[in-house]
Structure formats: C-alpha cells, structure tokens
Protein chains: 2
Amino acid sequence: MSTNFSITEENYIKAIFHLQEVNGMVSTNELAAELDTKPASVTDMLKKLKVKKMVHYEPYQAFKLSSDGKKLALNIVRRHRLWEYFLVEKLQFGWDEVHELAEQLEHVSDKKLVDRLDAFLNFPRFDPHGDPIPDSNGKMAQQEQVCLTELPVQTQAEVCSVGSQSSSLLELLSHKHIGIGTRLEIKQRFSFDNSIEIKIKDQQLITLSKELAQALFVKKI
Amino acid sequence: MSTNFSITEENYIKAIFHLQEVNGMVSTNELAAELDTKPASVTDMLKKLKVKKMVHYEPYQAFKLSSDGKKLALNIVRRHRLWEYFLVEKLQFGWDEVHELAEQLEHVSDKKLVDRLDAFLNFPRFDPHGDPIPDSNGKMAQQEQVCLTELPVQTQAEVCSVGSQSSSLLELLSHKHIGIGTRLEIKQRFSFDNSIEIKIKDQQLITLSKELAQALFVKKI
DNA sequence: ATATATTTTTAGATTCGTCTAAAATATTTT
DNA sequence: AAAATATTTTAGACGAATCTAAAAATATAT
C-alpha cells in the first residue's frame with residue numbers, strides 16, 4: 001500500500017529531513033530557502049504532506065517528519081548516495097560533480113533496482129562525500145567523524161563540527177575563514193609544537209595550533 | 001542553446017519516432033493510442049512541439065519529426081537502450097523486465113553521464129532485445145532483421161528482437177521458452193490460420209500463432 | 001502591554017498536461 | 001456529389017505546483 005510520491009513531494013521530504021537533522025524542527029521560511037521557493041508554496045505542500053501523514057504539522061507551528069516521512073527520507077537518501085557512489089566509482093566522475101546527477105537518478109524508486117545497485121557496488125557504507133548510506137532497512141552507519149589531529153598529511157577533509165562553542169574559538173575560526181563545511185587538505189605536521197599546516201581551496205597555507213586542531217572535527221572526503 | 005524538454009515532451013517524441021519508422025507518417029489517433037491518452041491531448045502537444053520545431057505538423061494532416069526531432073529521438077533511444085544493457089549486463093535483470101525501468105532512467109539527459117555509461121559498458125552496439133544502440137553521434141548499426149513470417153521452411157534463425165514490450169507477449173514467450181538468442185528452425189507453415197510450426201534445439205515442435213510470429217524478428221544463421 | 005516587525009497563511013492567478021463534449025474537417029460509401 | 005462515418009481540432013474545465021499580494025498570527029522591542 002506504499003502511496004505514490006511525486007518528484008516534488010520527494011524533494012520536500014528530503015529537504016525537511018536534512019533541515020531537521022540540525023534543529024529537530026523546521027520552519028516554513030527555512031524550508032522555502034532550502035528549496036529555493038516561496039513560503040506560500042511550502043505551506044501548500046505541507047498541507048498535502050500532512051494529509052498523506054508524512055509530516056507532523058499544525059498551522060503557524062514548526063514541523064517535522066512523521067515516522068513514515070522519515071522512512072521515506074532515508075530511502076531517498078539511500079538512492080541518492082548509491083548513485084553518487086556509482087558515478088564516482090564506476091563512471092569516473094569527480095566527487096564534486098555528481099550531486100546534480102544523483103538528484104535526478106534518486107527519483108527512480110524501484111526497490112529491486114536499488115537493492116541490486118547496492119549489491120553491484122558491494123554494499124558501500126559511505127558515499128564519495130563521506131556521508132553514510134542507509135541500508136535496505138533504513139539503517140545508517142554513524143558518520144566517521146575524526147578529530148583533525150588524527151588525519152595524515154595529504155588527506156582531504158570537510159569540517160563538520162567544532163569541539164566547543166566558546167566565543168574565543170568562534171572568533172578565531174571566523175578570523176581564519178573556517179566554518180562548518182569548509183574543505184581543506186592537511187599539508188604538513190610539526191612535531192615540535194603539534195601544529196598543523198592546512199590549505200583551503202584557493203587560499204594560502206594556514207597554520208593551526210595544536211589547541212585549535214583538537215577543537216575541529218572533520219570527515220574525510 | 002539546446003532547448004529543455006520535459007519528460008512528457010520526450011515521451012511524445014519517442015513515440016512519434018517509433019510510429020514513423022513504420023509508415024513514414026503518423027496520425028493523431030495512432031499516437032494517442034500509443035501513448036494511452038486522448039487525441040485532444042495529442043493535438044495540444046503537437047502545437048507545442050511545432051513551436052519548438054520538433055515536428056512538421058499542419059492541422060488535420062499526418063505529421064512526422066523534424067530533423068531536430070529525429071536527433072532528439074535517437075538520443076532518447078540511445079539512453080534507453082544503454083540503461084537496458086546496464087540493467088541486464090551489470091545488475092542481472094532479465095531482458096524481459098528492464099523496459100519499465102529504462103523508461104524512467106532514459107530521461108536523465110546529461111550527455112557526459114550517457115557517454116561515460118556507454119564507455120563503462122564498452123560501447124555495446126545492441127541492447128538486450130537485439131535492438132541497435134545509437135552512438136554518441138546518433139548513428140545506429142543496421143541489423144538485417146527479418147520477421148519470422150517472412151522465412152521459408154527449413155530455414156534456421158536466431159531470435160534477435162520482439163515487436164512489442166507488452167507484458168502479455170513477454171509472458172507468452174517465456175511460457176514457450178523463447179527469448180533473445182533462441183535458435184530455431186521453421187518446420188511447417190499452415191495457410192489456414194497462418195500459424196507456424198518451429199523446432200528449438202532439444203525440444204518438441206512448437207506452434208506459433210500468426211500474431212506471435214509477426215512479433216518475432218530473427219536473423220538467419 | 002502596546003506598537004512594531006517578522007513569519008506564516010490565505011486568496012486568487014498562472015502554467016503544464018490532461019480531460020470531455022462539441023464543432024470542424026476529411027474520408028468513405030452509396 | 002451528397003450523405004454517412006471517421007478523424008481531428010477547439011473550447012472550456014480540472015488538478016498539480018507554483019507565484020504575488022494581502023491578511024492573519026506570532027514574536028520582539030520599547
């Protein structure tokens with residue numbers, strides 16, 4: 001009795017899933033920005049998704065996915081990441097050029113196809129961006145988050161969390177133009193003071209002190 | 001400046017291409033039947049496709065694709081058949097279960113993706129149904145395929161394509177253990193009902209109705 | 001606690017692809 | 001060649017997804 005979802009509905013569900021990972025709850029404006037559409041359109045769709053029991057939503061309140069909604073979201077994420085893996089691993093695309101293509105391929109929702117693709121790829125657990133791929137039951141490995149101090153040189157990584165919220169740390173990060181999502185490569189380590197030299201795309205080399213490196217958590221890319 | 005085409009428009013263009021292969025020209029009713037829609041809808045779409053210069057169409061007249069339309073059609077066919085090849089060759093689907101899936105995958109039209117898929121599959125020249133796959137320039141190998149009804153008795157032949165993808169046809173073929181690549185010999189023809197008796201290696205004689213024989217295309221061996 | 005600003009929802013219009021019913025054109029039959 | 005039949009097009013409506021502009025609800029600030 002699996003209801004049918006349009007590509008548009010799937011895109012809304014995926015976006016809500018993504019936003020609620022951060023805050024737990026999602027607002028109309030936030031979602032409109034994420035989908036590059038207008039708040040009025042979001043309200044219309046929320047009413048539709050509520051009828052289909054995919055979201056917990058009351059007018060003027062923040063909302064989130066129902067458990068069915070979450071299940072569907074995980075399934076879409078699974079498809080997306082499997083195709084990304086396929087494109088990089090089998091068709092030699094760069095990890096930075098596959099997102100758009102996977103956005104299109106992910107909407108082919110045939111379960112048999114997805115499961116066979118999974119098997120063909122040898123049941124990969126992480127996509128080319130380091131994000132975990134849900135298995136056929138919707139279970140997803142924990143993201144491999146590593147402290148910057150643990151990475152060998154030449155590794156590429158993306159900042160995904162910071163070890164504290166102290167304003168002194170945030171001030172320093174902003175001064176060095178580092179934030180969540182910043183991609184960097186480890187260039188050199190200095191054992192004398194355990195400092196690290198990194199390079200952010202299109203920028204000069206930057207030195208991070210041991211203390212700063214310890215406060216940065218990244219995922220490999 | 002390659003204009004953008006919706007999935008619906010692509011489906012119309014593919015269907016016109018398929019029909020005009022037979023007669024050279026296509027009628028509104030024919031196309032409506034092929035697409036399982038109403039003639040009025042076909043007329044609407046023809047007007048749209050004419051504006052986009054994809055069809056030669058005048059009201060109340062039979063129509064056909066323009067050269068641009070034909071080019072697009074060949075590109076869609078290319079995508080469809082490459083995905084069918086992928087599904088059978090890499091994901092272990094049966095040749096009789098890939099049509100629907102390829103219908104969905106074919107609408108991802110990124111040229112780089114298609115060309116890389118082609119390369120990954122080693123530039124196959126025929127899909128799993130025996131139909132030729134257009135190359136990246138739209139050139140398609142000719143196959144001297146003959147309808148089973150045209151062969152004289154005692155001829156040996158190999159099945160290389162089927163005349164439709166209807167599930168009723170595929171069901172019947174699978175029941176009679178006939179598939180792409182099956183080798184057979186024409187044993188006898190009956191003018192009363194135009195049925196044919198054939199023999200497949202190591203099997204008993206089998207009777208094929210006129211309708212079934214018309215749907216089977218073979219090459220002599 | 002009242003005024004102001006922000007967020008969210010409604011109301012009504014628009015585009016795409018579809019439909020039905022009726023009108024226009026083309027074809028076939030007599 | 002006129003009448004009957006079949007095909008195709010128009011006219012008007014509908015559902016999905018979107019938009020703008022205005023109203024309603026909520027949040028913030030003085």
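Chain A is the first sequence line, chain B the second, and so forth, proteins listed ahead of strands; every chain is numbered from 1. Computed from heavy atoms alone, side chains included, the values below leave out hydrogens, waters and symmetry copies.
In terms of phosphate contacts, K47(A) brings a side-chain nitrogen or oxygen within less than 4.0 Å of OP1 or OP2 of dT10(C). Within the structure, a side-chain polar atom (N or O) of S6(A) is placed less than 4.0 Å from OP1 or OP2 of dA17(D). For dA6(D), neither phosphate oxygen OP1 nor OP2 lies less than 4.0 angstrom from any side-chain nitrogen or oxygen of Y60(B). Remark: T28(A) is in phosphate contact with dT9(C), judged by side-chain N or O atoms under 4.0 Å from OP1 or OP2. For K48(A), no side-chain nitrogen or oxygen approaches OP1 or OP2 of dA16(D) to under 4.0 Å. Taking side-chain N and O atoms only, S27(B) has no distance below 4.0 Å to OP1 or OP2 of dT7(D). Note on S41(A): a side-chain N or O is less than 4.0 Å away from OP1 or OP2 of dC19(D).
Residues D131(B) and E84(B) have side chains not in contact (no heavy-atom distance under 4.5 Å, counting atoms from C-beta outward). Residues M25(B) and Q61(B) are not in side-chain contact: their nearest non-hydrogen atoms beyond the backbone lie 4.5 Å or more apart. Two residues are said to be in side-chain contact when any heavy atoms from C-beta on lie closer than 4.5 Å; R116(B) and F120(B) fail this criterion. Using a 4.5 Å cut-off on side-chain heavy atoms (C-beta onward), K47(B) and Y57(B) make contact. Side-chain atoms of F17(A) and L72(A), non-hydrogen and from C-beta on, never get closer than 4.5 Å to each other. Two residues are said to be in side-chain contact when any heavy atoms from C-beta on lie closer than 4.5 Å; L170(B) and W95(B) meet this criterion.
Checked options N75(B), I76(B), L19(B), L74(B); the residue passing with K14(B) is I76(B) (criterion: side chain to side chain contact (heavy atoms under 4.5 Å, CB included)).
Distances were taken from every side-chain heavy atom of T8(B) (C-beta onward) to each of dC19(D), dG17(C), dT9(C); the shortest belongs to dG17(C). In this structure, the nucleotide among dT18(C), dA17(D), dT18(D) sitting nearest to the side chain of E9(A) is dA17(D). Considering only the side chain of Y12(A), dT18(D) comes nearest among dT18(C), dT8(C), dT18(D).
At whole-Å resolution of the value, CG in L49(A) and P in dT9(C) are 13 Å apart. The distance from atom CG of L46(B) to atom P of dT7(D) is 17 Å, rounded to the nearest whole Å. Protein atom CE of M45(B) is 11 Å distant from nucleotide atom P of dC19(C), rounded to whole Å. A straight line from CD of E30(B) to P of dT8(D) spans 8 Å, rounded to a whole angstrom. Residue N29(B) contributes atom CG, which lies 13 Å from atom C1' of dT27(C) at whole-angstrom precision. Nucleotide dG17(C) holds its C1' atom 12 Å from the CG atom of L35(B), rounded to whole Å. Taking atom NZ of residue K38(A) and atom C1' of nucleotide dC19(D), one finds them 8 Å apart after rounding to whole Å. What separates CD of Q61(B) from P of dA24(C) is a distance of 19 Å, to the nearest Å.
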Taking only distance into account, with no hydrogens and no angle test, what donor-acceptor pairs under 3.5 Å do side-chain atoms of residues 34-44 of chain A form with protein atoms, sequence neighbours excluded?
| unit_1 | atom_1 | unit_2 | atom_2 | d |
| --- | --- | --- | --- | --- |
| E34(A) | OE2 | H18(A) | ND1 | 3.2 |
| T43(A) | OG1 | P39(A) | O | 3.3 |

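The C1' atoms of five pairs define one axis at each end of the helix from dA1(C)-dT30(D) to dT30(C)-dA1(D), and these two axes lie 0° apart (to 10°).
Among the atoms of the strands shown, only primed sugar atoms or phosphate atoms (P, OP1, OP2) are found under 4.0 Å from some heavy atom of P59(A).
Heavy-atom distances to DNA chain D give each of I7(A) and A40(B) a nearest nucleotide, and the one nearer the 5′ end belongs to A40(B).
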